[in-house]
Chemist: 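Can you keep this structure in mind? I'll have questions shortly.
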Amino acid sequence: MTVRTRFAPSPTGYLHIGGVRTALFNWLFARGQGGQFLLRVDDTDAGRNVTAALQPILQGFRWLGLDWDEGPEVGGPCAPYFQSQRADRYLAAVEQLLATGAAYRDFATVEEVQAEREEAQREKKRFIYSRRWLAETDEQAAAFEAEGRRGVVRLRMPRNGVCAFQDLVRGDVEFEWSLEQDHVIRRTDGTCLYHLASAVDDHDFAITHVIRAVEHLSNTPRQIFIAKSLGYELPAYAHLPYVAAPGSSEKLSKRKLSKYMQNKQFKKIFDEGVAIAERIRLLVTPETFSPVVVDFYREVGYEPAALMNYLLLLGWSLDDHTETFSKEEMIRQFSLDRINRSEASFDPQKLLAFQERRMQVLSVVERSSRVLPYLERADFVDNPATEAQRIRVQQVVSAAGDRIKVAGDILSYTEFFQADEEIPYDEKAFNKRLRKEGVEPLLRRFREQLGLVTPFDAVTLEGALRAFVEAEGIKIGQIVHAVRVAVTGKAVGFGLFEGLALLGREACVARIDLALKRLAE
RNA sequence: GUCCCCAUCGUCCAGAGGCCUAGGAUAUAGCCCUUUCAAGGCUAAGACACGGGUUCGAAUCCCGUUGGGGACGCCA
């Protein structure tokens with residue numbers, strides 16, 4: 001039998017970190033088994049604007065390379081893959097359950113059920129519906145309707161015995177049937193609910209392995225009940241531990257962003273991301289752009305491979321030392337039985353570490369291609385960039401070395417793409433390095449030296465500067481910092497000689513002049 | 001409240017009775033390199049939640065306690 005797994009996103013407009021991790025595991029398992037991975041859209045209650053809300057999610061999948069064999073936009077033999085379009089299937093299933101007695105029509109009002117629920121609370125017992133307004137026959141149903149009641153369909157859950165099944169992650173699992181509720185499967189308005197839909201779809205789509213987050217573990221008995229009552233063969237289940245918030249064991253949630261911001265490193269990563277977004281004029285809201293959402297990493301310039309690698313190791317491991325996995329290796333090595341049972345907290349800092357390593361193995365040309373769109377969008381080069389600009393970008397990227405950790409970091413080095421009079425000065429650095437006794441004449445003399453350096457490259461510049469230092473009888477630090485601030489406006493940056501060479505003689509001299517002028521003001 | 005689950009460095013993992021004086025990664029600190037910042041190299045500090053068993057022997061098995069978490073919808 002061909003392995004078939006699925007991921008079922010709700011069209012919410014963004015892809016959650018925990019969600020992709022679940023999707024990744026589904027995808028890896030399917031690919032590793034030579035099976036298929038499908039996407040099914042859980043839009044049972046949304047209806048409106050699904051297409052728009054789905055786009056960011058599909059985009060996230062594409063970016064990560066999580067390709068789906070069947071689902072939205074690619075179709076497939078089990079189409080449609082939108083739950084909103086499968087109502088007839090669900091309704092038919094409800095009729096079947098009604099016919100076999102696995103479900104019943106119920107005419108309780110919401111208030112009546114609520115009253116029972118509260119009573120159970122008071123008695124410290126688990127709420128089980130009394131079935132008081134159950135309609136066994138059409139006559140009864142008609143009578144209830146005559147009272148103005150409107151019916152739902154509930155599952156007639158077993159009231160004794162246990163529901164036992166094997167979970168591929170958690171081992172043998174048991175739930176007492178008597179503690180299960182008579183869940184509603186069809187609303188008063190005739191629409192069906194998720195659990196029914198899910199069981200039907202998993203069967204219709206021939207899903208063999210249901211791999212999902214552990215919050216669904218307690219929903220499994222009712223789905224098993226539905227599936228069995230409908231005569232379906234059961235899929236295998238694997239419940240993944242949830243992804244926890246940074247530094248905590250609470251489930252990661254997009255709603256608790258302000259809480260995560262108390263984590264210094266989380267906030268730092270967020271702030272840096274926002275800074276990049278602002279410079280490329282990306283409209284962001286915390287809902288769609290935060291380290292909890294996959295889009296954040298794409299927009300800021302992470303490598304998809306880094307995110308994938310990090311997520312893979314969040315709850316799974318091969319052994320005690322392997323931590324770099326290519327996509328192929330992941331697929332080959334992944335196994336459900338090495339998934340952890342306990343929750344794992346999401347650590348964007350460690351993700352950054354994986355990102356840095358990925359960046360380091362990319363060539364200058366590759367890194368340049370990642371970085372270029374940021375310069376284009378922030379208007380530091382033409383859009384699209386000219387050939388000369390591309391070469392320029394490669395030179396800058398080369399000089400940057402591993403300082404560019406995420407592609408958007410290029411925007412921290414824009415002094416190489418700006419006109420001389422446009423570069424802003426870091427006020428503190430300017431005061432510290434330039435407004436100092438003896439710096440001005442030194443800088444003037446160095447500026448003259450610069451005119452004589454030929455060729456104007458890093459090696460020659462270094463020789464010239466060292467000779468200058470010797471002649472002046474100063475320490476190298478006394479001139480280097482001053483020149484760096486004068487030429488780049490900043491206290492930190494590339495190696496000075498690479499930087500100067502990159503800018504060229506004219507720009508260097510012009511910028512030193514500008515700095516001197518400013519010093520005189 | 002009821003049911004269920006989880007428990008090794010701050011964090012992510014390794015560990016399926018002796019290989020554990022508990023290993024790796026990340027983060028942190030110090031040192032080296034050095035024109036700054038990165039990167040890199042070296043070093044340090046850092047954990048088996050607790051209590052009982054079982055066993056010659058327990059991080060590993062069992063029970064309990066504590067702590068943390070999840071599920072309890074005419075949401076998905």
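Residue numbers begin at 1 in each chain, while the letters A, B, ... track the order of the sequences.
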Chemist: Take atom P in B:rA38 and the same atom in B:rC32, then report the distance between them in whole Å.
Modeler: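 B:rA38 and B:rC32 have their P atoms separated by 16 Å.
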
Chemist: For A:Lys475, answer base if it contacts any base atom (sugar-phosphate contacts may also be present), sugar-phosphate if it contacts only those atoms, and nothing otherwise; contact means non-hydrogen atoms under 4.0 Å.
Modeler: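 The answer is nothing, as A:Lys475 stays clear of every strand by at least 4.0 Å.
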
Chemist: Would you kindly give the CZ-to-P distance between A:Arg122 and B:rG1, to the nearest whole Å?
Modeler: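 Nearest whole value for this atom pair: 17 Å.
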
Chemist: If you pin A:Glu215 and A:Val173 to their nearest nucleotides in RNA chain B, which one's is more 5'?
Modeler: A:Val173

Chemist: Can you check the distance between B:rG52 and B:rG46, where both ends of the measurement are the C1' atom (answer in whole Å)?
Modeler: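 That atom pair is separated by 29 Å.
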
Chemist: Looking at every strand, decide which applies to A:Arg484 at a 4.0 Å heavy-atom threshold: base, sugar-phosphate, or nothing.
Modeler: base

Chemist: With a 4.0 Å cut-off on heavy atoms, is A:Val214 in touch with a base, just the backbone sugar-phosphate, or nothing at all?
Modeler: nothing

Chemist: May I ask you to say what A:Gly401 touches in the nucleic acid, namely base, sugar-phosphate or nothing, with a heavy-atom cut-off under 4.0 Å?
Modeler: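 The answer is nothing, as A:Gly401 stays clear of every strand by at least 4.0 Å.
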
Chemist: Distance check, P atoms only: B:rC61 and B:rU8, in whole angstrom units.
Modeler: 13 Å

Chemist: How is A:Lys405 classified with respect to the nucleic acid when contacts are heavy atoms under 4.0 Å: base, sugar-phosphate, or nothing?
Modeler: sugar-phosphate

Chemist: Tell me whether the OP1 or OP2 atom of B:rC5 has a side-chain N or O from A:Arg341 closer than 4.0 Å.
Modeler: no

Chemist: Is A:Asp402 touching bases, backbone alone, or none of the nucleic acid, heavy atoms closer than 4.0 Å?
Modeler: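 Touches a base.
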
Chemist: Considering heavy-atom distances to RNA chain B, does A:Gln181 or A:Tyr194 have its closest nucleotide positioned more toward the 5' end?
Modeler: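 On the 5' side of the pair lies A:Gln181.
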
Chemist: Answer with base, sugar-phosphate or nothing: what part of the nucleic acid does A:Arg186 contact at a heavy-atom distance below 4.0 Å?
Modeler: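 Here A:Arg186 touches no strand at all.
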
Chemist: Does A:Ser218 make a side-chain donor-acceptor contact with the base of B:rC4, cut-off 3.5 Å?
Modeler: no

Chemist: B:rC13, OP1 or OP2 - any side-chain N/O from A:Arg338 closer than 4.0 Å?
Modeler: no

Chemist: Any side-chain heavy atom of A:Val113 within less than 4.5 Å of one from A:Arg154?
Modeler: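 The answer is yes; the side chains approach within 4.5 Å.
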
Chemist: What I want to check is whether the side chains of A:Arg212 and A:His239 have a donor and an acceptor closer together than 3.5 Å.
Modeler: yes

Chemist: For the pair A:Asp182 (side chain) and A:Met157 (backbone), establish whether a donor and an acceptor sit closer than 3.5 Å, ignoring hydrogens and angles.
Modeler: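 Confirmed, A:Asp182 side chain pairs with A:Met157 backbone.
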
Chemist: Could you tell me whether A:Glu123 contacts a base, only the sugar-phosphate backbone, or nothing, with contacts defined as non-hydrogen atoms closer than 4.0 Å?
Modeler: nothing

Chemist: Over all strands shown, is A:Thr188 touching base, sugar-phosphate only, or nothing at heavy-atom distances under 4.0 angstrom?
Modeler: base

Chemist: What nucleic acid atoms does A:Ala108 come within less than 4.0 Å of, heavy atoms only: base, sugar-phosphate, or nothing?
Modeler: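 Result for A:Ala108 = base.
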
Chemist: Does the structure show a Watson-Crick or G-U wobble partner for B:rC72, both distances under 3.5 Å? Name it, or say none.
Modeler: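 Checking every strand shown, B:rC72 finds its partner in B:rG1, with both distances under 3.5 Å.
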
Chemist: Crowded around A:Arg403 CZ? As in, over 12 foreign heavy atoms under 6.0 Å?
Modeler: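 It does: A:Arg403 CZ has more than 12 such atoms within range.
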
Chemist: Just N and O in the side chain of A:Asn340: are any of them under 4.0 Å from OP1 or OP2 of B:rC12?
Modeler: no

Chemist: Check whether any side-chain heavy atom of A:Leu28 lies under 4.5 Å from a side-chain heavy atom of A:Trp316, and answer yes or no.
Modeler: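 No, their side chains stay 4.5 Å or more apart.
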
Chemist: Select base, sugar-phosphate, or nothing to describe what A:Gly315 touches, counting heavy atoms under 4.0 Å on all strands.
Modeler: sugar-phosphate

Chemist: Give A:Ile479 one of three labels, base, sugar-phosphate or nothing, depending on what nucleic acid heavy atoms sit under 4.0 Å from its own.
Modeler: nothing

Chemist: Rounding to an integer number of angstrom, what distance separates B:rC75 and B:rA14 when you compare their P atoms?
Modeler: 39 Å

Chemist: Indicate, with a heavy-atom threshold strictly under 4.0 Å, whether A:Phe494 touches base, sugar-phosphate, or nothing.
Modeler: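 The residue A:Phe494 makes base contact.
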
Chemist: Cut-off 3.5 Å, side chains only: do A:Thr460 and A:Asp457 have a donor facing an acceptor?
Modeler: yes

Chemist: Can you tell me which nucleotide in B:rU26, B:rA76, B:rG1 comes closest to the side chain of A:Asp42?
Modeler: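 The nucleotide sitting nearest to the side chain is B:rA76.
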
Chemist: Taking only N and O in the side chain of A:Arg187, is any of them less than 4.0 Å away from OP1 or OP2 of B:rA76?
Modeler: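 Checking B:rA76 against A:Arg187, a side-chain N or O does come within under 4.0 Å of OP1 or OP2.
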
Chemist: Looking at residues at least two apart in the chain, or sitting in another chain, which of them share a side-chain contact (heavy atoms from CB on, under 4.5 Å) with A:Glu356?
Modeler: A:Leu352, A:Lys405

Chemist: If the cut-off is 4.0 Å, is A:Lys251 near the phosphate of B:rA71, judged by side-chain N/O to OP1 or OP2?
Modeler: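 For A:Lys251, the contact criterion (side-chain N or O under 4.0 Å from OP1 or OP2 of B:rA71) is met.
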
Chemist: What is the nucleic acid contact for A:Arg466, judged by heavy atoms within less than 4.0 Å: base, sugar-phosphate only, or nothing?
Modeler: sugar-phosphate

Chemist: Could you measure between the two P atoms, the one in B:rA45 and the one in B:rA22, and give it in whole Å?
Modeler: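 Pairwise P distance, B:rA45 against B:rA22, rounds to 12 Å.
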
Chemist: Is the ring centre of A:His216 under 5.5 Å from the base ring centre of B:rG70, and are the two planes under 30° apart, so that they stack?
Modeler: no

